[in-house]
Number of protein chains: 2
Amino acid sequence: MPTTPPSTARLAVSTVIFALRADRAGGPPALWTPLVRRTREPQLGHWALPGGWLPPNEELETAAARTLRATTGLAPSYLEQLYTFGGVDRSPGERVVSVVYWALLPSDEAARATIGPNVRWVPADTLPDLAFDHAEIIAYALWRLRTKVEYSEIAHALLGRTFTLAELREVYEAVLRRPLDPANFRRTMLASGGLQETGEHRAGTPHRPPKLYRYDPAGTAPGAREPFRDAERTAS
Amino acid sequence: MPTTPPSTARLAVSTVIFALRADRAGGPPALWTPLVRRTREPQLGHWALPGGWLPPNEELETAAARTLRATTGLAPSYLEQLYTFGGVDRSPGERVVSVVYWALLPSDEAARATIGPNVRWVPADTLPDLAFDHAEIIAYALWRLRTKVEYSEIAHALLGRTFTLAELREVYEAVLRRPLDPANFRRTMLASGGLQETGEHRAGTPHRPPKLYRYDPAGTAPGAREPFRDAERTAS
DNA sequence: GCAAAAGTGTTAGCGGTACACCCATGG
DNA sequence: CCATGGGTGTACCGCTAACACTTTTGC
């Protein structure tokens, strides 16, 4: 970092937000994402990712969480840096470098996310025309979510604090878009996962009441955290 | 990206560079990385990652490749975005956001990398005191390399254009820091890998001359590339 | 021919998948 | 008592680790 003329690129932080929503009540849930309508040029009126310029004294991750809260009224249950997009021509007129984060919201809270005229939730795999390169960015975030769900334990972040194994399986099925064997899923989760029984059961089901679980990684020693808590791994 | 007051943070691009070097001739190779001595405040005289401010009209990846070339005189055989570090206090006095890349160099070329008084190669796992948060950054890049080598085929980027299976195995062993079974390694590579026999053999060995291979992913259709060519995957 | 690395064959164990089956509850 | 999802048992398959063995060269 030699002290030379300042960079003229402007730094923005944007966030791709995912939550589960059922199209019709009782139906299987799917991934949705909120977009905001641009109220300024360039691309006025187009739908875009929530975000804004990076304030000089705010951490990157804090900025991502703040814009997330501004557009949904909610706090993320998971938040991780995705990638930094800096193509010279991605914004007409000026150089903009965007540090993009991706986030998961608990579905119970997401149901009461604030909705204004300039915020719109859309299914994550059928997007409208988006401003700038934001369609690519969301596609990449989706790919990352789908990849990461397979080897990591982030799926619970799309549920509330307690959940049944069937609900957790629904999350995996929605994200991976394929059915999973309930029997094997149960064992895999109970074995390698940090799932803990709450002792409670979900009431009001038409059939046998299922156990409720909490995500609580018992095997992890306090303070023993991976590098950067959200370290990266790159696909072949 | 609303049009509001410009961000005051300055944008830098840095690169963590890895190459294989043998400590003593004939010995097993290990990972080394080049550092540059800072010639300005802050942290004047400290060793740091190669890098610099982002020029307004240069792509991020191009900037990374350029600084890499400036410090080593070489072109990378592999280059990927690592992470963006933007902590408010990571540089004293002013806010600096660094987009960091990591790179691999072919070992045959790396042997004739330029070395000046302000460039120093050090073993990647025993670093001297570094400027800013660069020690963390290198540790993270190392972790990413070690993780990625296990599920991806980037190891060949640390060798020349052709290589024997024993040489390729040495790369894996150096990166993973554990011995691998030669027999199983051979089969795994030949099965899942894009290795292609050149028809040639390495001459001058004291024993049976091994076949030379080239990395040439035959299964990959032209133009069929993964998202961003270097997509990410996050550890648990 | 002897040492050493290149290269092949064979087997055991482990984890994932498929699927048959029993359990518990509301109606 | 029946339908339905919750929950358990088990057999098979493919992959990998381990390691014995054969081949080919330089000296």
Side-chain angles (χ1 to χ4, degrees), chain A residues 22 25-29 146-147 149-153 155-156 159 162-214 219 236, chain B residues 22 25-29 147 149-153 155-156 159 162-193 195-214 219 236:
Chain A
R146 295 196 156 119
T147 308
V149 152
E150 298 212 83
Y151 65 91
S152 174
E153 294 179 359
H156 67 89
L159 295 172
T162 66
F163 46 84
T164 68
L165 280 167
E167 287 163 354
L168 187 59
R169 180 165 47 83
E170 267 196 323
V171 175
Y172 276 83
E173 291 179 335
V175 172
L176 299 176
R177 290 173 300 181
R178 82 179 128 96
L180 299 176
D181 183 302
N184 296 329
F185 180 81
R186 151 184 308 279
R187 269 180 299 243
T188 308
M189 284 299 131
L190 293 180
S192 72
L195 293 190
Q196 204 143 6
E197 293 191 18
T198 63
E200 318 257 310
H201 295 254
R202 166 113 32 238
T205 62
H207 301 295
R208 174 173 173 177
K211 291 181 185 172
L212 280 171
Y213 292 85
R214 185 197 346 271
S236 84
Chain B
T147 308
V149 153
E150 298 212 82
Y151 65 91
S152 176
E153 294 179 0
H156 66 89
L159 295 172
T162 66
F163 45 86
T164 69
L165 280 167
E167 288 162 354
L168 187 58
R169 180 165 48 82
E170 267 196 323
V171 176
Y172 276 83
E173 291 178 337
V175 172
L176 299 177
R177 290 173 300 182
R178 81 181 129 95
L180 298 175
D181 184 301
N184 295 330
F185 180 82
R186 152 183 308 277
R187 269 180 298 242
T188 309
M189 284 299 131
L190 293 181
S192 73
L195 293 191
Q196 205 143 5
E197 293 191 18
T198 64
E200 318 258 309
H201 294 254
R202 167 117 25 241
T205 62
H207 302 295
R208 174 174 174 178
K211 292 180 185 171
L212 281 171
Y213 292 85
R214 185 199 345 274
S236 87

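Proteins come first, then strands; the chains are lettered A, B, ... in the order of their sequence lines, and each starts at number 1.
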field: Non-neighbouring partners of R187(A) that pass side chain to side chain donor-acceptor pair (under 3.5 Å), sequence neighbours left out
entry: N184(A)
- request: Please state how far atom CZ in F185(A) lies from atom P in dA18(C), giving the value in whole angstrom units.
  value: 15 Å
field: Qualifying salt bridge (charged side-chain N to carboxylate O under 4.0 Å, His left out) pairs with a residue from residues 176-186 of chain B, counting only residues at least two apart or across chains
entry: E150(B)-R178(B)
- line: Taking every heavy atom of A174(B) against every heavy atom of P29(B), the minimum-distance pair comes out as CB-O, 3.4 Å
statement: B/S/- along nucleotides 8-17 of chain D (protein heavy atoms under 4.0 Å) is BBB------B
- request: Enumerate the residue pairs fulfilling salt bridge (charged side-chain N to carboxylate O under 4.0 Å, His left out) with a member in residues 196-206 of chain B, sequence neighbours excluded, ordered by first and then second residue.
  value: E167(B)-R202(B), E197(B)-K211(B)
query: Do any N or O atoms from the side chain of E170(A) and from the backbone of P28(A) form a donor-acceptor pair under 3.5 angstrom?
result: no
task: Could you give me the stems involving DNA chain C, meaning stretches of three or more consecutive Watson-Crick or G-U wobble pairs whose two defining distances are both below 3.5 Å?
output: C:1-27 with D:1-27
field: Contact residues, residues 167-176 of chain B to DNA chain C [heavy atom, < 4.0 Å]
entry: none
- request: To the nearest Å, give me how far apart CZ (R202(B)) and C1' (dG26(D)) are.
  value: 17 Å
- prompt: How long is the line joining OH of Y213(A) and P of dG6(D), in whole Å?
  reply: 11 Å
field: For the student: nearest non-hydrogen atoms of M189(B) and L195(B), plus distance
entry: CB-CD1, 3.9 Å
Between N or O atoms, less than 3.5 Å apart, protein on one side and nucleotides 24-27 of chain C on the other: list the pairs.
unit_1: dG26(C); atom_1: O4'; unit_2: P206(A); atom_2: O; d: 2.7

statement: One should read off an interatomic distance between E173(B) CD and L168(B) CG, to the nearest 0.5 angstrom, of 10.0 Å
message: Keeping T198(A) on the side-chain end and R214(A) on the backbone end, is there a donor-acceptor pair under 3.5 Å?
response: no
- request: List the atom of G27(A), the atom of A22(A), and the distance in Å for their closest heavy-atom pair.
  value: O-CB, 3.8 Å
- line: Heavy atoms of P210(A) and T164(A) approach each other most closely as CG-CG2, 3.7 Å
query: Restricting to pairs with a member in residues 162-183 of chain B, which pass ring-ring contact (aromatic ring centres under 6.0 Å, His included), not counting sequence neighbours?
result: Y172(B)-F185(B)
